[in-house]
A.B. asks: 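One structure, pasted below without further comment.
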Amino acid sequence: MDRVAIIGASMTQFGQRDAWIRELLAEAGQAALADADVSPDEIEHLYVSNMASGEFEGQTGVPNALAHDLAAMPAYTARIDQTSSSGGAGVYAAWQSVASGASDMTMLVGGEKMTHRSTAESTDVIASLTHPVEYKHGVTLPSFAGLTARLYLDTYDAPRESLGKVAVKNHRNGVDNPHAQFRKEVDLDTVLDSPVVADPLRLYDFCPITDGSAALVFCPESVAREYTDDYAVISGIGGATDTHVVHERADPTTMGGVVNSSEIAYEMADLEPDDIEVAELHDMFTILEFLQSEDLGFFEKGEGWKAVEEGVTDRDGDLPINTSGGLKSKGHPLGASGVAQVYEIYKQLIGDAGERQVDADVGLACNVGGFGNCVTTTIMESR
């Protein structure tokens, strides 16, 4: 099977945007086409990763609208919704379309418009992905995060400061990302003194509500060589689902979807965790960086916090994690986040990450839906 390559990518400014969802998607789509030097009529499949344009904006039918806006007719279009892992699921769908031979040129655009709604309204839309019984009792993703963080800290004797250091690291990385929502460093005292949201987690342990979009252009590697010498390939990809009810899990500090999806991706790529040289993890909450780094096999269970303390995950460390600034600094426009993770890995692998550049030929992106309810893990290699 011909390997699937990414030959173009784009990411809009993340943050509070005046543009609506159609404008955001078109902005990223046009930029990705230009980056790949591909004309709109070459696109055979066009996917849109989006969780809740109907709920947030009252706008549906966004894929076919985007095909019109980009002049990409008569491309096949589809919307990919997998809650906050919609972007990763879109990467999987786009990979499948090319790997199967159904399309020789596929584009994925992910986006979300959120900031025009209040924090309470946005939180309620996101919380709708939880099990109805949990939702009925007012359980939200921040409350899951707080409970899990407390369990993790107590079980593994981790200091509260270690969570704060994740936020400090990712904000520091975000300073050098021109598309990030927050490009300002924060110190540990600021994180630890911020208002409590879900004890022991505070305001700076959470990612912001964000508008934005990102896009990728996929094709077979044989086709990629006709367009550019600068491309990256997806060597492994896997998706998995964990229990819908979080309290049914044997160990809430283990995200089964991360474990299972990464095992599939590692096997497909014929790689091991030690082969990964840069990673983008879904740090919607700081505790998730610990959980994912362990469940992906980077560190032993209960050791992820030590890696942060020791600087292993810093940009100049042995395994840089979230060189983009992560969701924490970059922002989290739900449908765009998983696409933007792959955008960052792609930029790192082709040597075009600017001030964020690290030395890496193999990268991984892990996009999580809900509180580990659904996960897509993507492994990429330089050509």
A.B. asks: Testing the basics here: between Ile7 and Ala224, what is the closest heavy-atom pair and its distance to 0.1 Å?
C.D. replies: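 Where Ile7 meets Ala224 most closely, the heavy atoms are CG2-CB, 3.4 Å.
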A.B. asks: Whether Asp176 and Arg183 form a salt bridge (side-chain N of Lys/Arg under 4.0 Å from carboxylate O of Asp/Glu) is what I want to check.
C.D. replies: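 Between Asp176 and Arg183 there is no salt bridge, as every charged N stays at least 4.0 Å from the carboxylate O atoms.
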A.B. asks: Among Asp318, Ile321, Thr323, which one satisfies side-chain contact (heavy atoms from CB on, under 4.5 Å) with Thr313?
C.D. replies: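 That would be Ile321; it is the only one of Asp318, Ile321, Thr323 passing the side-chain contact (heavy atoms from CB on, under 4.5 Å) with Thr313.
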A.B. asks: Counting only heavy atoms not in Glu161, do more than 12 fall under 6.0 Å of its CD?
C.D. replies: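 Result for CD/Glu161: enclosed.
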A.B. asks: Count the heavy atoms of every other residue, nucleotide or ligand shown that sit under 6.0 Å from CG of Asp187, and state whether that count exceeds 12.
C.D. replies: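 More than 12 within 6.0 Å, yes.
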A.B. asks: Taking the basic N atoms (NZ, or NE/NH1/NH2) and the acidic carboxylate oxygens, is any pair closer than 4.0 Å for Arg160 and Asp205?
C.D. replies: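 A salt bridge is present here (some side-chain N lies under 4.0 Å from a carboxylate O).
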A.B. asks: More than 12 heavy atoms of other residues, nucleotides or ligands under 6.0 Å from CD of Gln16: yes or no?
C.D. replies: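 Not more than 12 within 6.0 Å, no.
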A.B. asks: Which heavy atom of Ser84 sits nearest a heavy atom of His282, and at what distance?
C.D. replies: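 Closest pair (atom of Ser84, atom of His282, distance): O-CE1, 3.6 Å.
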A.B. asks: Can you hop from Ile234 to Ile80 via hydrophobic side chains spaced under 4.5 Å?
C.D. replies: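 Ile234 clusters together with Ile80.
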A.B. asks: Is any NZ, NE, NH1 or NH2 atom of the basic residue among Lys169 and Asp314 found under 4.0 Å from an Asp or Glu carboxylate oxygen of the other?
C.D. replies: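 The answer is no: the pair does not qualify as a salt bridge.
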A.B. asks: Hydrophobic cluster membership, with links at side-chain heavy-atom distances under 4.5 Å among I/L/V/M/F/W/Y: are Val197 and Ile126 in one?
C.D. replies: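 Yes, same cluster.
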A.B. asks: Near Tyr204 OH, under 6.0 Å, is it more than 12 heavy atoms from other residues, nucleotides or ligands?
C.D. replies: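 Atom OH in Tyr204 is not crowded, with 12 or fewer foreign heavy atoms closer than 6.0 Å.
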A.B. asks: With a cut-off of 6.0 Å (strictly less than), are more than 12 heavy atoms of other residues, nucleotides or ligands near CG of Asp154?
C.D. replies: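 Check passes, neighbour count above 12.
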A.B. asks: Does Asp251, at its CG atom, have more than 12 non-hydrogen atoms belonging to other residues, nucleotides or ligands within less than 6.0 Å?
C.D. replies: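 Yes, CG of Asp251 has more than 12 neighbouring heavy atoms, counting only those of other groups under 6.0 Å.
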A.B. asks: Quick one, Leu364 with Ile345, criterion side-chain contact (heavy atoms from CB on, under 4.5 Å). Give me CA distance, side-chain angles, the key distance, then yes/no.
C.D. replies: CA-CA 7 Å; Leu364 178 149; Ile345 298 299; over 6 Å; no
A.B. asks: Looking at Lys328 and Glu289, does any basic side-chain N land under 4.0 Å from a carboxylate oxygen?
C.D. replies: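 Result for this pair is no, no salt bridge flagged.
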A.B. asks: Do Tyr76 and His45 have ring centres separated by under 6.0 Å?
C.D. replies: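 Ring centres of His45 and Tyr76 closer than 6.0 Å.
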